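The structure appears below as structure tokens.
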Amino acid sequence: MYHEINDKANKDQRTGLYNHSYLEEKLDDFIKTYREDGNVFSFAMLDLDDFKKYNDLYGHPQGDKLLSFVGSIIKAECEPHGFVCARYGGEEFAVIMPAYGKNEARKFINQLRKTVNNSPFEGVEILPHGCVSFSAGVMEMNADTYEKSQLVGLSDRAMYISKSKGKNTVTIYGEQTYLPQKFEHEINELEQQIRVFLSKDVYTFKHSKRVFSYAVDMAEKLGLNEEERRTLILGALIHDIGKLEIPREVLTKRAKLSKEEWELVKQHVTFGKEFLLASGTYSDLVPLVELHHERYDGTGYPHGLKGTEIPKLARLLCIIDSFDAMTTERPYQRTRTFEEAVEEIQACSGSQFDPELAVPFIAYVNHRIEQDDIPEEIIQQLREQQEREGA
């Protein structure tokens with residue numbers, strides 16, 4: 001009886017596959033063993049092509065039969081390999097493939113796609129491909145993948161690239177360029193959101209725009225691929241979104257913060273993570289939002305992660321964010337020149353900052369100093385500060 005109840009709790013009754021909740025539990029387990037023992041695994045998201053069209057034409061009961069049919073094929077193909085397969089939601093399915101790298105995973109999912117294509121089902125001849133088909137995205141777990149929401153989000157992104165290429169195909173995350181038009185739309189959308197959300201704190205909005213600008217330049221300097229570029233740039237734009245939960249009087253306080261106020265300010269990274277996970281749209285940006293105050297030596301917050309435990313782009317954002325904080329006016333600290341900020345980054349390289357990423361950032365800033373390319377807003381702030389100190 002216990003096993004029956006447990007089985008019902010973990011299974012999707014329509015397809016016989018595991019359900020969304022069980023899949024997420026297993027992802028946590030696989031991510032944990034990857035971090036502890038380096039056990040490789042890959043993850044795939046599958047979405048049935050033109051399912052809505054089939055559902056609208058034949059009705060929901062017949063659509064449910066199609067979902068059950070596809071689920072039975074996925075189960076029959078995956079279980080002999082020890083894979084975890086689940087119905088993720090709607091017409092989406094997911095597969096965890098232990099011990100499979102991305103290329104092996106793509107090969108398996110592609111063969112599964114062909115098996116589905118070749119399985120006859122009533123009425124599918126009206127669909128664009130004339131058969132049951134799905135688009136899929138595959139991602140191999142790696143050191144820069146911080147948690148399951150990112151793994152799912154990036155696999156999902158690769159899946160939609162498969163959709164954009166005409167459907168009925170499989171894409172490995174990172175091997176295809178991101179659609180530039182959509183990227184530009186996302187930048188504009190996020191900028192409008194933070195403009196509204198951070199309207200009570202103009203400083204944080206301006207800070208986010210400057211960090212965004214530096215991130216654009218660093219993505220170019222480091223030669224990041226399109227996906228890394230997108231993640232860094234959008235993450236930079238929205239990294240402080242959690243500050244909308246911090247009272248204005250705390251954010252703008254000129255005196256030193258009390259211990260309780262400082263603990264509240266530190267929570268902005270957690271508030272930001274919760275906001276992204278609740279909205280769902282940008283869950284893949286969670287590592288940058290949550291971890292940009294982690295320090296290379298493990299003394300940062302919120303988790304005290306150390307070295308490469310912190311995803312690479314979050315380590316880079318920490319440098320960029322700190323640089324802008326040092327070189328612009330804040331209620332509780334003196335504004336530094338670009339040169340002084342560079343000295344601070346050099347001094348803290350290996351403790352607060354990743355020493356390898358600090359080198360190209362310092363070179364970037366020094367080049368801007370040589371070119372006399374310092375934002376007028378920052379120059380004006382320094383002049384005002386010097387006048388106050390002189391007075």
Side-chain angles (χ1 to χ4, degrees), residues 45 102 137-147 149-165 171-194 207-241 272-273 276 279-292 294 308 310-324 345 353-354 356-365 367-368 373 375:
M45 289 288 291
K102 59 186 179 181
V138 171
M139 183 172 177
E140 180 181 337
M141 178 66 187
N142 60 60
D144 283 327
T145 305
Y146 172 59
E147 62 172 23
S149 64
Q150 189 185 17
L151 187 63
V152 171
L154 297 178
S155 301
D156 193 61
R157 192 173 308 287
M159 179 185 72
Y160 277 99
I161 290 176
S162 292
K163 292 278 189 187
S164 73
K165 293 191 294 185
T171 298
I172 295 177
Y173 168 75
E175 290 196 352
Q176 295 290 330
T177 57
Y178 192 77
L179 301 178
Q181 312 93 304
K182 188 176 180 184
F183 183 24
E184 293 302 321
H185 172 73
E186 286 182 315
I187 290 174
N188 293 332
E189 182 182 71
L190 271 183
E191 184 175 344
Q192 291 306 312
Q193 285 188 22
I194 66 168
H207 165 68
S208 297
K209 288 298 297 293
R210 287 191 300 270
V211 172
F212 160 80
S213 177
Y214 293 142
V216 170
D217 290 347
M218 285 304 297
E220 180 71 24
K221 181 173 181 61
L222 295 175
L224 300 183
N225 65 41
E226 288 296 319
E227 280 293 341
E228 289 179 321
R229 177 172 168 265
R230 172 195 173 273
T231 301
L232 177 63
I233 291 171
L234 294 184
L237 192 56
I238 204 171
H239 74 284
D240 271 345
I241 193 67
K273 172 186 177 179
L276 290 185
S279 67
T281 310
Y282 296 105
S283 58
D284 57 302
L285 303 180
V286 163
L288 277 76
V289 171
E290 186 184 15
L291 305 178
H292 66 276
E294 295 286 359
T308 55
I310 310 165
K312 179 182 74 175
L313 296 183
R315 301 197 304 269
L316 178 57
L317 181 57
C318 174
I319 297 172
I320 297 172
D321 179 54
S322 300
F323 175 80
D324 186 71
I345 291 174
F353 306 120
D354 182 325
E356 291 185 11
L357 292 174
V359 171
F361 184 77
I362 289 171
Y364 157 73
V365 175
H367 178 72
R368 292 193 65 166
D373 182 22

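Small disclaimer: the values here were computed from a predicted structure and weren't measured.
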How many angstroms lie between CD in E227 and CG in L232, if you round to the nearest 0.5 Å?
-> 12.5 Å
Minimal non-hydrogen separation, H292 against H239, with atom names = CE1-O, 3.3 Å
Identify the heavy atoms of T231 and L285 that sit nearest to each other, and give their distance.
-> O-CD2, 3.8 Å
Verdict with supporting geometry, T145 and M139, side chain to side chain contact (heavy atoms under 4.5 Å, CB included) | CA-CA 10 Å; T145 305; M139 183 172 177; 3.2 Å; yes
Is it the case that more than 12 heavy atoms not belonging to E220 sit under 6.0 Å from its CD atom?
-> no
Not counting sequence neighbours, which residues clear ring pair (Phe, Tyr, Trp, His ring centres under 6.0 Å) with F361? List them please.
-> F323, Y364
Closest approach of E228 to N225 (non-hydrogen atoms, all atoms of both residues) = N-OD1, 2.8 Å
Starting from the C-alpha separation in whole Å, work towards a yes-or-no answer on side chain to side chain contact (heavy atoms under 4.5 Å, CB included) for I238 and L276.
-> CA-CA 10 Å; I238 204 171; L276 290 185; 3.8 Å; yes
How about H207 and D321: do any of their side-chain heavy atoms sit closer than 4.5 Å?
-> yes
Mind checking whether Y173 and K102 have side chains closer than 4.5 Å, heavy atoms only?
-> no
Give the intermediate values and the outcome of side chain to side chain contact (heavy atoms under 4.5 Å, CB included) for residues L237 and K209.
-> CA-CA 6 Å; L237 192 56; K209 288 298 297 293; 3.9 Å; yes
What is the minimum heavy-atom distance between I241 and G272, and which atoms define it?
-> CG2-CA, 3.9 Å
Indicate yes or no for a side-chain donor-acceptor contact from S322 to the backbone of I319 under 3.5 Å, with no hydrogens or angles considered.
-> no
With sequence neighbours left out, what residues match D156 under side-chain hydrogen bond (donor to acceptor under 3.5 Å, both in side chains)?
-> none
The reported gap from CD in Q150 to CG in L288 (rounded to nearest 0.5 angstrom) is 8.5 Å
Salt bridge (charged side-chain N to carboxylate O under 4.0 Å, His left out) involving E290 - partner list, sequence neighbours excluded = K273
Atom CD of E226 and atom CD1 of I161: how far apart are they, to the nearest 0.5 Å?
-> 10.0 Å
Could you state the interatomic distance from CG (D217) to CZ (F212), rounded to the nearest 0.5 Å?
-> 10.0 Å
Do S162 side-chain atoms and G137 backbone N/O form a donor-acceptor pair below 3.5 Å?
-> no
For L317 and V211, work out which heavy atoms get closest and say how close.
-> CD1-CG1, 3.7 Å
So how far is it from L313 CG to L224 CG, rounded to the nearest 0.5 Å?
-> 6.5 Å
To the nearest 0.5 Å, what is the distance between CD1 (I194) and CD (E189)?
-> 12.0 Å
Is the shortest heavy-atom distance from the side chain of D354 to the side chain of I310 under 4.5 Å?
-> no
Where is the tightest heavy-atom contact between L234 and I187, given as atom of each residue plus distance?
-> CD2-CG1, 3.7 Å
